[in-house]
Amino acid sequence: MGGCHYDRKLLDEMPSRGLGARNANNMRASTMDSVWRLFDGMVERDVVSWNTVIGGNVESGLYEEALAMVRQMTHVGLRPDSFTLSTVLPIFAESGSVSNGKETHGYAIKNGMDREAFMGSSLIDMYAKCTLLEYSYHVMGRVANPDAIAWNSIIAASVQNGQFDDGLRFFRQMLQWKLRPMAVTFSCLLPACAHLNTLHLGKQLHGFIIRGGFDRNVFVASALVDMYAKCGSICIARRIFDQMPSLDMVSWTAMIMGYALHGPVQEALSLFRRMEMDNGKPNYVAFVAVLTACSHAGLVDEAQKFFSNMTKDYGITPCLEHYAAVADVLSRAGKLEEAYDFISKMHIKPTASIWSILLGACRVHKNGELAEIAAEKIFELEPKNIGSHLILSNVYSATGKWKEAAEIRMVMRMKGLKKQPACSWIEIKNKVHGFVAHDTSHPCYQKIVDAWETLKDQMEREGYVPNTTDALHDVEEEQKVISLSGHSERIAIVYGIISTSPGTTLRVTKNIRVCVDCHTVIKYISRIVRREIIVRDLNRFHHFNDGQCSCGDFW
DNA sequence: GTAGGGTTAG
């Protein structure tokens with residue numbers, strides 16, 4: 001068994017990330033120098049003293065030094081133990097060097113250490129950070145007596161890799177094993193609720209958090225702010241934010257992004273200014289949040305100002321999300337040429353999603369030429385991008401190019417591209433009810449139809465005229481059929497009205513953007529039934545109240 | 001005597 005071989009490889013394959021950390025940690029490095037001198041002068045050095053110094057190096061970001069020491073300790077006849085391995089595994093987790101991680105895992109198996117909880121949690125974390133979630137699950141299955149941290153690790157692993165249901169399942173198992181959840185458990189779990197948009201689960205976790213006394217922990221509180229904002233309760237998010245004993249960049253950013261998603265954009269901008277004063281230098285995520293706020297409200301000048309502020313004053317290199325927000329605000333304002341120039345001058349290669357922003361706006365502003373250019377770029381990058389085919393065909397139709405429009409439809413048939421059905425869902429008494437367009441399958445379908453007919457009559461008496469020329473967004477194909485069966489969010493809302501008591505807030509989620517006509521209809525409904533109706537679409541939240549929407553009819 | 005897990009990214 002070649003301990004030597006294993007160690008040498010570790011050192012050879014170290015990525016350069018440790019160097020960056022070293023420069024950033026000069027002060028700690030000099031502290032480590034004195035540690036090293038002390039260690040050097042020791043008469044007798046055992047595994048514990050080696051492990052201690054290795055740990056100090058890792059903590060100071062001196063990764064290469066730490067790994068070199070692992071090699072050196074084998075040269076003086078000492079064998080790395082489970083302390084050594086769980087100290088260096090986070091290095092591989094951070095740098096994503098899965099081959100080194102696997103070797104370490106192999107060494108642990110051969111020495112019978114892989115079933116220990118300490119080793120298990122480092123291995124689970126390392127594999128998860130290298131996006132090999134199945135390996136994390138495998139390791140967890142072999143840990144003899146998983147402790148709370150091992151459960152935290154597997155929960156974090158699942159959620160960080162997008163397996164939200166798994167994360168919640170592991171949490172239930174953790175409780176069944178009578179292990180007490182910790183603050184970390186909740187800061188791992190809350191993002192799962194945020195992504196799944198399940199307010200009732202999030203509230204249940206909040207209950208656990210209060211009972212456990214974790215609500216003042218900054219990680220937990222920030223995750224709560226984010227969860228409530230993402231699940232549609234911006235007011236509760238703000239209340240928690242205001243009660244936080246201390247705020248860090250993440251808490252500010254979560255709150256700003258919350259306002260960007262929900263609409264009070266001035267609130268987002270003023271929070272950003274306050275954050276600059278209180279917390280100093282915003283990071284790039286904070287700029288993603290404030291630029292998103294600008295794009296959702298169509299604030300062209302402000303977005304451009306923030307973008308140059310970010311690059312010139314703060315020296316932050318823009319990433320895809322920053323470019324997307326600025327491209328969006330320019331495009332939707334009708335500054336198509338400017339948007340095209342902006343995208344063309346990006347320092348990273350624009351993705352299909354960036355070009356799609358321009359293409360979508362070309363449809364609204366009926367610019368066939370730029371639409372063709374954008375579509376060509378998209379088809380190059382993603383030949384099977386369904387939405388772009390549809391938009392291009394719509395641009396052709398809108399500009400009277402019927403032949404070209406028909407050709408696109410033909411190409412789509414030949415490529416076997418079929419549109420994903422649009423759907424909406426509503427949570428009633430902790431049960432989710434989903435509806436697709438033309439959905440007649442719900443047991444209450446007839447009641448829904450009757451209620452819709454009554455509502456429609458009343459809307460028409462109040463002046464509602466169906467709008468069949470939805471030119472704004474890529475919505476369901478059946479948009480011309482203004483009927484109940486056409487759009488899924490109407491079915492969900494009407495079902496919500498007939499199955500909850502008067503005055504109850506309705507929360508509906510939709511997997512694409514809301515169309516203009518539905519937006520109008522929901523405004524009418526909110527006034528007629530005197531309820532707040534909150535619709536989360538692909539991009540943002542709409543709060544309908546007394547005939548108005550929080551998006552200010554711009555979305 | 002030493003060690004493992006965390007929040008923001010339309």
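Just so we're on the same page: letters track the sequence lines, and every chain starts at 1. Hydrogens, waters and symmetry mates are skipped; everything else that's a heavy atom, side chains included, is used. The structure displayed is predicted, hence computed values, not measured ones.
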Worksheet item: In whole angstrom, what separates A/Met119's CE from B/dT2's C1'?
Response: 13 Å
Worksheet item: Taking atom P of B/dT7 as reference, at what distance in whole Å does atom CD1 of A/Ile155 sit?
Response: 12 Å
Worksheet item: If every non-hydrogen atom of A/Ser233 is compared with every non-hydrogen atom of A/Arg507, which pair is closest and at what distance?
Response: OG-NH2, 3.4 Å
Worksheet item: For residues 256-267 of chain A, which residue pairs qualify under side chain to side chain donor-acceptor pair (under 3.5 Å), counting only residues two or more places apart or in two chains?
Response: A/Arg238-A/Tyr259, A/Arg238-A/Glu267, A/His262-A/His543
Worksheet item: Could you give the CG-to-P distance, from A/Leu89 to B/dG4, as a whole number of Å?
Response: 10 Å
Item to complete: Please report, rounded to the nearest Å, how far the P atom of B/dA9 is from the OH atom of A/Tyr323.
Response: 21 Å
Worksheet item: How would you label the contact of A/Ala289 with the nucleic acid (heavy atoms, under 4.0 Å): base, sugar-phosphate, or nothing?
Response: nothing
Item to complete: Starting from P on B/dG6, measure out to CE on A/Met126 and report it in whole angstrom.
Response: 14 Å
Worksheet item: In residues 215-231 of chain A, which residues come under 4.0 Å of DNA chain B by heavy atom?
Response: A/Asn217, A/Val218, A/Phe219, A/Val220, A/Ser222, A/Asp226, A/Lys230
Worksheet item: What's the shortest heavy-atom distance between A/Asp81 and A/Met113, and which atoms?
Response: C-SD, 3.9 Å
Fill in: Aromatic ring pairing A/His347/A/Tyr323, orientation class (parallel under 30°, perpendicular over 60°, tilted between)
tilted
Worksheet entry | Length of the CE-P vector between A/Met249 and B/dA9, whole Å | 15 Å
Worksheet, complete the sentence: For residues 218-237 of chain A, the salt bridge (charged side-chain N to carboxylate O under 4.0 Å, His left out) pairs (sequence neighbours left out) are A/Asp226-A/Lys230
Throw together a table of side-chain donor-acceptor distances under 3.5 angstrom for residues 162-171 of chain A, partners on residues two or more places apart or in other chains.
from     : atom 1 : to       : atom 2 : distance (Å)
A/Asp166 : OD1    : A/Arg169 : NH2    : 3.0
A/Asp166 : OD2    : A/Tyr137 : OH     : 2.8

What donor-acceptor contacts under 3.5 angstrom involve side-chain atoms of residues 114-124 of chain A, with partners at least two apart or in another chain?
from     : atom 1 : to       : atom 2 : distance (Å)
A/Asp114 : OD2    : A/Arg142 : NE     : 3.1
A/Arg115 : NH1    : A/Arg142 : O      : 3.3
A/Glu116 : OE1    : A/Ser82  : OG     : 3.2
A/Ser121 : OG     : A/Ala117 : O      : 2.9
A/Ser121 : OG     : A/Phe118 : O      : 3.1
A/Ser122 : OG     : A/Phe118 : O      : 3.0

Fill in: Selected nucleotide, minimal atom distance to A/Ala150 side chain, candidates B/dT7, B/dG4, B/dA3
B/dG4
Worksheet item: Side chain of A/His322, backbone of A/Cys319: donor and acceptor closer than 3.5 Å?
Response: yes
Item to complete: Go through the N and O atoms of the side chain of A/Ser122 and the base of B/dG4, and report whether any donor-acceptor pair is under 3.5 Å.
Response: no
Fill in: Sugar-phosphate, base or nothing in reach of A/Val288, heavy atoms under 4.0 Å
sugar-phosphate
Worksheet entry | Pairs touching residues 173-191 of chain A that satisfy side chain to side chain donor-acceptor pair (under 3.5 Å), sequence neighbours left out | A/Asn152-A/Thr185
Item to complete: Would you kindly give the CE-to-P distance between A/Met113 and B/dA3, to the nearest whole Å?
Response: 16 Å
Practice prompt. Give A/Ser295 one of three labels, base, sugar-phosphate or nothing, depending on what nucleic acid heavy atoms sit under 4.0 Å from its own.
Written response: nothing
Worksheet item: Which heavy atom in A/Asn111 sits nearest to a heavy atom in A/Tyr107, and how many Å separate them?
Response: ND2-O, 2.7 Å
Worksheet item: Going by heavy atoms closer than 4.0 Å, what residues in residues 172-205 of chain A are next to DNA chain B?
Response: A/Met182, A/Ala183, A/Val184, A/Ser187, A/Cys188, A/Pro191
Fill in: Proximity of A/His519 and A/Phe544 rings by center, below 6.0 Å
yes
Worksheet item: Is the ring centre of A/Trp252 less than 6.0 Å from the ring centre of A/Phe272?
Response: no
Practice prompt. Check every strand shown and say whether A/Asp125 touches a base, only sugar-phosphate, or nothing at a heavy-atom separation below 4.0 Å.
Written response: sugar-phosphate
Worksheet item: Does any residue of residues 129-149 of chain A have a heavy atom under 4.0 Å from DNA chain B, and if so, which ones, in number order?
Response: A/Lys129, A/Asp147, A/Ile149
Item to complete: Whole angstrom is fine here: how far is it from CG in A/Asp81 over to C1' in B/dA3?
Response: 9 Å
Worksheet item: Would you say the side chain of A/Ser86 and the base of B/dA3 hold a donor-acceptor pair, judged only by whether the two atoms sit under 3.5 Å apart?
Response: yes
Worksheet item: With sequence neighbours left out, what residues match A/Lys102 under side-chain contact (heavy atoms from CB on, under 4.5 Å)?
Response: A/Val98, A/Tyr127, A/Leu132, A/Tyr135
Discussion item. I need the residues from residues 250-281 of chain A with at least one non-hydrogen atom less than 4.0 Å from DNA chain B; give them sorted by number, or say none.
Written reply: A/Val250, A/Thr253, A/Met257
What donor-acceptor contacts under 3.5 angstrom involve side-chain atoms of residues 280-288 of chain A, with partners at least two apart or in another chain?
from     : atom 1 : to       : atom 2 : distance (Å)
A/Asn283 : OD1    : A/Val285 : N      : 3.2
A/Asn283 : OD1    : A/Ala286 : N      : 3.0

Worksheet item: What residues, two or more places apart in sequence or in another chain, satisfy salt bridge (Lys or Arg N to Asp or Glu O under 4.0 Å) together with A/Glu321?
Response: none
